[in-house]
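Beneath this line is the structure, given in structure tokens, with notes to follow.
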Amino acid sequence: MNAAAPYLEFARKAFSREATYRVEVFTSVGSFVLRVYLLRSVWTALYAQNAAPAGIPLHAMITYTTVALLMSLVLEVDGTRMIREKVREGTIAVDLMKPISLPLYFFSDGFGQTLWNALLILPSLACALVLVRIDLPSLPALIGFALAFALGYGVNFFLNFLMNAVAFWTLETFAIQLMVRWVSDLLSGQILPLSLFPGALGKVVGALPFASIYSTPLQIYIGQLSGYAVFPALLTQVAWLIAFAAISAAVWQQAQRRVIVQGG
Amino acid sequence: MVVMPIIQTRQLRKVFRSVRRIPGALGAVRTLFSRDYVDRVAVEGMTLSIEEGELVGYIGPNGAGKSTTIKMLTGILVPTSGDATVAGLVPWQQRQRNARNIGVVFGQRSQLYWDLPLIESFELLRAIYGASADRYRQNLDHFTEILEMHEFLNTPVRQLSLGQRMRGDFAAAMLHDPRIVYLDEPTIGLDVVAKEAIRNFVSEVNRERGTTIVLTTHDLSDVERLSRRIVLIDHGSLVYDGTIERLKDQYGTHRTLVVRLAEAYPEVKVDGAEVVGRDGDVVRLRFDRGAFGADQLIRRVTESYCVTDVSIEEPDLESIIRRIYIEGYEPTLTPRAEILPHAVS
Amino acid sequence: MYLAAYAQYWRINFLTMVEYRTNFLLWFGFTIIYHGTAIAALWVTLHQFPSMNGWDFRQMSLLYALWMLGHAVHNTVFFTVADVPTYVREGRFDRFLVRPLDTLFQALTVPQQVWPDELMLAVIFFVAATWFSGVHVDAAYLAYIPLVALGGALIDFGITLVIATCSFWFIRIDTLRWVVMSLEQDFTRYPISIYTRGVRFVLTFILPFAFMNYFPAAYFLHKSESGLSLSPWVGLLTPVIGVMWVLVAYAFWRIGLNHYQGTGS
């Protein structure tokens with residue numbers, strides 16, 4: 001129990017640090033509202049003139065994209081960005097000397113930021129509800145969504161972790177990270193439901209790890225996945241989470257050795 | 001013939017006005033609409049004149065208004081009131097023309113381009129100042145020579161040591177033959193060797209080219225080494241303007257006699273002097289030079305104690321200035337008009 | 001003197017491009033992915049829903065290509081102005097004021113790995129989209145397109161400049177810049193006819209992003225449903241709007257600069 005104390009403290013620090021940037025709250029909520037407006041306009045126009053795709057009526061589509069936007073408020077937080085900064089400034093070696101687990105430190109810092117951003121969901125949602133109606137799922141679906149979201153949060157953390165850990169080998173990681181971010185936005189189902197991808201492409205995209213981040217929770221939310229179909233989806237997420245965690249652990253070992261050998 | 005001072009300021013004043021911050025969560029929003037201001041006087045009634053070719057040390061504690069003054073003289077800031085001319089121009093009105101006459105080195109902010117070899121920064125600056133190719137080449141060769149920049153002219157700036165980078169920055173500020181150069185903390189963070197190289201360079205540019213130099217620094221050894229004249233500023237106002245010697249004369253009335261005792265005396269007491277430190281057999285005695293001479297004091301000490309060695313410490317500039325900051329300047333010591341030859345009251 | 005300085009600036013940019021080949025390739029890859037994912041998302045969407053207010057994927061790719069062209073010119077020629085907030089915050093802006101050139105010119109010529117990769121990509125994609133969309137190509141089209149690109153770049157520059165100028169008053173402005181940039185990309189991706197009247201009005205008369213791509217594309221593709229009952233000829237106004245916007249933004253910049261010289265904040 002005492003072992004968790006420093007990490008709770010890191011999370012608390014990150015939370016209050018985020019809370020000091022008050023102006024950014026307005027920017028963030030403002031841009032959220034504009035995006036909700038945009039997606040309402042786009043999907044309304046598209047559904048008005050074309051046949052609806054199987055299984056996603058307009059209200060489900062709008063629900064999907066709005067909830068995806070809300071999720072992104074939380075998932076775009078990146079606590080591991082510190083790795084890049086610390087490696088560049090050369091302070092990572094000092095941190096490695098401290099009696100804490102650095103990956104856990106990054107996680108708790110990110111988690112603190114997440115909690116602050118999660119608070120933004122409420123005003124954002126309130127504003128969004130002026131523009132669009134969002135479907136509320138059944139209780140089991142909501143529980144499934146929460147579970148899948150937590151798993152997706154984990155996958156997202158390790159994905160960010162791996163991208164930032166590249167900094168141990170090459171300094172110009174920002175471009176790589178942004179590339180992965182854009183690709184992930186598209187392939188994770190954040191912008192579009194993955195079921196819109198045609199034919200084989202849709203199958204491939206659905207099988208990629210990115211799908212665990214947005215697509216699985218959202219499919220459960222809008223009812224594309226329901227009943228027993230939810231369990232294999234959750235298990236797939238768990239599998240990806242374990243795989244990513246294992247890779248991250250291996251990479252972290254290598255990175256640590258690298259810092260020690262090179263003396264930071 | 002009357003020579004116009006190259007820098008002349010009259011009653012220069014700068015007041016910064018900011019919105020009063022309202023604390024608390026709602027405060028940030030209310031601050032946005034607030035009309036409640038706080039004024040802070042950064043420079044007050046600054047009257048100063050500097051002749052062409054002078055090398056002046058401009059010193060004062062943090063927040064005294066040094067850099068605000070320099071910013072007004074370089075045209076970065078517009079003063080609240082008062083006026084100034086630099087080489088015949090009003091800097092903030094004719095900023096771009098004034099910029100041709102001046103060079104600026106900010107010790108903590110390099111003007112060199114990080115990713116590029118040093119020489120490329122020089123090339124770009126040549127284009128910016130429109131310097132003639134011949135003159136540029138001549139200056140570059142000369143500076144490369146005296147600053148010993150041969151070996152790193154083609155190295156990207158980010159790979160240079162601080163000392164090398166500063167040398168590059170000095171050359172960069174002077175390539176266009178400025179008549180006046182402002183140096184803001186130019187030796188901060190440098191080692192002894194690099195400091196010496198920079199000081200030699202500054203001194204040579206001042207002597208050989210007659211460049212007027214205004215040196216702002218916390219490192220008083222820079223000033224002692226380079227300039228005869230210092231201008232002291234505190235709380236935005238001019239406190240002293242004159243030579244270093246005169247300041248020492250007027251303010252450094254106390255000397256310290258350092259005595260090494262031959263035997264271990266339990267207590268040391270000398271009339272007319274104050275024991276300010278004792279470390280084993282070494283005793284430090286502070287005395288007023290005006291009251292009696294050092295020879296007298298030495299005689300008094302040797303009468304009562306067995307002494308193996310004596311030496312006298314002159315007060316250094318730093319301790320004098322520290323005293324002025326703490327105790328304030330005392331005009332009774334010297335009439336103000338006398339130490340401010342240029343003051344127009 | 002300005003010309004010489006500008007030539008030096010570009011010479012140095014190319015030098016760094018050669019020196020940092022890996023970086024260059026990396027950022028080139030990034031640019032491809034950035035626009036690639038946007039176009040891919042459009043493709044997937046319009047694969048399911050073939051028509052958006054009468055625009056199909058081919059026509060929408062021309063819409064995107066026009067925006068990309070103007071945006072790429074902006075990113076290549078004007079982008080360094082977006083760093084002004086950083087300069088102000090770190091106190092490096094003062095340096096521009098002690099040099100004998102216009103401050104805005106100097107802000108536009110800070111060598112920092114600015115490469116024409118995006119511009120190359122934009123030209124390639126534009127040629128492809130032109131062919132693909134089946135737009136009628138004649139001399140007028142070829143003559144006007146560079147003007148659209150330039151006008152679009154100026155519109156973009158105007159916005160960047162206004163945001164940069166805000167940093168003379170407010171310290172933390174970076175988030176705002178990112179938000180505006182990404183919203184711009186999102187809102188210009190679709191025909192403005194899908195928006196409500198108020199938003200169409202804003203995109204036409206207040207933040208005239210619609211002139212970067214929508215009006216010129218509608219003109220060349222003979223679309224006439226802006227919903228603002230404007231003549232299709234407004235599609236030819238892009239360069240004029242661009243110049244006007246920059247003049248307004250520059251006036252604002254002068255005000256900001258005066259404020260800065262008054263407060264040194």
Side-chain angles (χ1 to χ4, degrees), chain B residues 14-19 32 40 42 67-68 70-80 91-106 108-117 119-131 133 156 172-173 176 178 181-182 184, chain C residues 1-21 23-24 80 83 86-115 168-172 254 257-265:
Chain B
K14 181 68 195 176
V15 181
F16 290 116
R17 162 168 285 202
S18 57
V19 178
L32 281 177
R40 188 176 64 80
S67 57
T68 305
I70 300 296
K71 281 181 175 179
M72 290 190 280
L73 294 179
T74 48
I76 295 171
L77 271 181
V78 181
T80 310
W92 53 91
Q93 281 166 10
Q94 293 142 297
R95 187 177 54 73
Q96 291 190 30
R97 280 184 65 197
N98 180 56
R100 291 189 176 289
N101 292 331
I102 65 171
V104 188
V105 176
F106 297 114
Q108 286 156 308
R109 283 181 240 124
S110 179
Q111 70 162 322
L112 306 169
Y113 297 100
W114 216 233
D115 294 330
L116 305 171
I119 185 80
E120 296 297 342
S121 289
F122 294 158
E123 290 283 339
L124 191 64
L125 287 170
R126 177 176 89 86
I128 287 174
Y129 284 95
H176 60 284
V181 173
Y182 301 95
D184 188 5
Chain C
M1 194 160 66
Y2 281 94
L3 222 59
Y6 203 66
Q8 272 293 334
Y9 162 69
W10 272 109
R11 194 181 70 86
I12 284 170
N13 270 344
F14 276 105
L15 282 179
T16 52
M17 190 164 93
V18 178
E19 183 164 338
Y20 295 88
R21 256 158 312 193
N23 273 9
F24 172 69
T80 50
D83 285 321
T86 318
Y87 300 145
V88 172
R89 197 171 49 229
E90 295 175 359
R92 287 189 285 156
F93 191 81
D94 288 352
R95 178 57 70 184
F96 296 153
L97 290 162
V98 297
R99 286 182 182 157
L101 296 182
D102 180 69
T103 40
L104 182 57
F105 175 82
Q106 291 185 68
L108 283 169
T109 54
V110 181
Q112 49 172 346
Q113 309 191 10
V114 171
W115 301 319
F168 290 132
W169 286 275
F170 307 104
I171 301 293
R172 285 185 68 92
R254 299 294 310 188
L257 199 60
N258 280 340
H259 175 78
Y260 181 82
Q261 287 191 274
T263 59
S265 56

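Remember, predicted model here, so these are calculated numbers, not experimental data.
At a threshold of 4.5 Å between non-hydrogen side-chain atoms, the residues C:Phe93 and B:Ile76 do not count as touching. Under the 4.5 Å side-chain criterion, counting only non-hydrogen atoms from C-beta, B:Tyr113 is not in contact with C:Ile12.
Nearest heavy-atom pair across C:Pro111 and B:Leu124 is CG-CD2, 3.7 Å. For C:Gly91 against B:Arg109, the heavy-atom pair with the smallest separation is O-NH1, 3.0 Å. Across all their heavy atoms, C:Ala5 and B:Ala127 have their closest contact at CA-CB, 3.6 Å.
Ion pairing between B:Glu120 and C:Arg11 holds under the 4.0 Å rule for side-chain N and carboxylate O.
Between the CD1 atom of B:Ile128 and the OH atom of C:Tyr2 there is a distance of 10.5 Å, given to the nearest 0.5 Å. Between the CG atom of C:Asp94 and the CD1 atom of B:Ile70 there is a distance of 12.0 Å, given to the nearest 0.5 Å. Here the CZ atom belonging to B:Phe106 is positioned 5.5 Å from the CZ atom belonging to C:Arg95, to the nearest 0.5 angstrom.
In terms of non-hydrogen atom pairs under 4.5 Å with chain C, the most contact-rich of B:Gln108, B:Lys14, B:Met72, B:Arg126 is B:Lys14. Here B:Leu116 is the residue among B:Leu116, B:Leu125, B:Thr68 with the most heavy-atom pairs under 4.5 Å with chain C.
Looking at B:Gln111, B:His176, B:Gln96 one by one, the single match for side chain to side chain donor-acceptor pair (under 3.5 Å) with C:Arg99 turns out to be B:Gln111.
In this structure a side-chain-to-backbone donor-acceptor pair under 3.5 Å is missing from B:Lys71 to C:Gln261. A distance-only check finds a donor-acceptor pair linking the side chain of B:Arg95 to the backbone of C:Leu97 [under 3.5 Å].
Residues satisfying the side-chain contact (heavy atoms from CB on, under 4.5 Å) test with B:Gln93, not counting sequence neighbours, are B:Val90.
Within the 4.5 angstrom heavy-atom criterion, atoms from both the backbone and the side chain of C:Asp102 approach chain B. For a residue to count as touching a neighbouring chain, one of its non-hydrogen atoms must lie under 4.5 Å from one of that chain's; by this rule B:Pro156 touches chain C with the side chain only. The part of C:Leu15 that comes within reach of chain B is its side chain, from C-beta onward, which places non-hydrogen atoms under 4.5 angstrom from that chain. Both the backbone and the side chain of B:Tyr129 come within less than 4.5 Å of a heavy atom in chain C.
More than 12 heavy atoms of other residues, nucleotides or ligands lie within 6.0 Å of CZ in C:Arg92, so this atom counts as buried by the packing criterion.
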